[in-house]
2 protein chains.
Amino acid sequence: MERIILDMDNVIAEINPQYVVYFKQVYGEELKLEELVEHQKNGTFPDYSMLHRLLELPKFFRTLPVMKDAKEVVKELNEKYELFIVSAAMEYPLALNEKLDWLEEHFPFIQTKQIAFTGSKKFVCGDIMIDDKVSNLDHFNGRKILFTHPNNLKYTSPQYTRANNWHEIAKILL
Amino acid sequence: MERIILDMDNVIAEINPQYVVYFKQVYGEELKLEELVEHQKNGTFPDYSMLHRLLELPKFFRTLPVMKDAKEVVKELNEKYELFIVSAAMEYPLALNEKLDWLEEHFPFIQTKQIAFTGSKKFVCGDIMIDDKVSNLDHFNGRKILFTHPNNLKYTSPQYTRANNWHEIAKILL
């Protein structure tokens, strides 16, 4: 059985819409989703630390929306592959338990044995990695699937298979 | 730089003396350390679930004693190797943050990037694994160092290098 290493943020959980909600709550100003995406595409967001601070707030990770079609496809992958969810979570200590609870709510078929929170993904090995971060894929020794995010559109290396959504992951892996 | 995958419980943190303390607190009865060790050696502890329940209690992991000489040797290993602390922690959700805080207190030279909490260690790769659990070492593709614990005395395979204490780890790796 081939082993899949699956990322959480921006892959099965959507971060951008949550930025919009928390930005309004914390700074009292509207951040339009399309504007944020445009900034991410061009690397022009004025002060990224304003967004990073939001990641430290209670419930940020607990109430993230599930990425469209992720539930259904991950459920099928879980039957056909040896699946591990590996999420970089050490920088935000609140995130640890919130992510665990989030997975239990939305992906109840994933056992705790299949979950890992790491500071880095350098020591992770498997056959297929699905991640939105090129820096994680670069350390990986297997097949690399780059899940599209506005931040990674500039990467076009043949090293990565790009998937724009979960429908495309299903086409590649199922 | 060779990569070391280092376990926490029973390797850099001592569990048995903490069992003794919490056993007294929770059940009101004395559990003698030597008795516990004897039971672990022989696999004869009457009801292991009584011990496992203690692992769910607040502060259990936060206040564990540091294994003798671990601090000094790990500090030196950290300079000579690419070191990751990988601890199975998913079954005890309180443990996640307690372990993170414990590491910060006793091993402040370990960066969060070097820490991982996992449900399983099957997908972990590196050159050297130090662990007290044969089941973790068995999945590993590199050199296997079995850190002695009364539970693992029965394993004598040449597959593992046995280390009885941190002084012996230093002799092997430094």
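Residue numbers begin at 1 in each chain, while the letters A, B, ... track the order of the sequences.
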Within 6.0 Å of [atom1] in [X], more than 12 heavy atoms from elsewhere:
| X | atom1 | result |
| --- | --- | --- |
| Lys32(B) | NZ | no |
| Lys133(A) | NZ | no |
| Glu104(B) | CD | no |
| His167(A) | NE2 | no |
| Glu72(A) | CD | yes |
| Phe109(A) | CZ | yes |

Point-to-point distance, once rounded to the nearest 0.5 Å, from CD of Glu91(A) to CD of Gln111(B):
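One gets 11.0 Å once the value is rounded to the nearest 0.5 Å.
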
First locate atom CE of Met90(A), then atom CD of Gln114(B), and finally report the distance between them rounded to the nearest 0.5 Å.
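One finds 12.0 Å between CE of Met90(A) and CD of Gln114(B).
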
Tell me if a side-chain donor or acceptor on Asn97(A) pairs with a main-chain N or O of Leu94(B) at a distance below 3.5 Å.
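No, Asn97(A) side chain to Leu94(B) backbone: no donor-acceptor pair under 3.5 Å.
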
Tell me, side chain or backbone of Phe117(B) under 4.5 Å from chain A's heavy atoms, or both, or neither?
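Phe117(B) touches chain A through backbone and side-chain heavy atoms alike.
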
Residue Ile115(B) versus chain A: region with a heavy atom under 4.5 Å
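Answer is both: backbone and side chain atoms of Ile115(B) are under 4.5 Å from chain A.
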
Please step through side chain to side chain contact (heavy atoms under 4.5 Å, CB included) for the pair Leu96(B) and Leu100(A), ending with a clear verdict.
CA-CA 10 Å; Leu96(B) 293 167; Leu100(A) 206 53; 3.9 Å; yes

Are the charged groups of Lys122(A) and Glu82(B) less than 4.0 angstrom apart, N to O?
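Salt bridge flag = yes for Glu82(B) with Lys122(A).
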
Which atoms of Phe123(A) approach chain B - backbone, side chain, both or neither, heavy atom under 4.5 Å:
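Both parts, backbone and side chain.
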
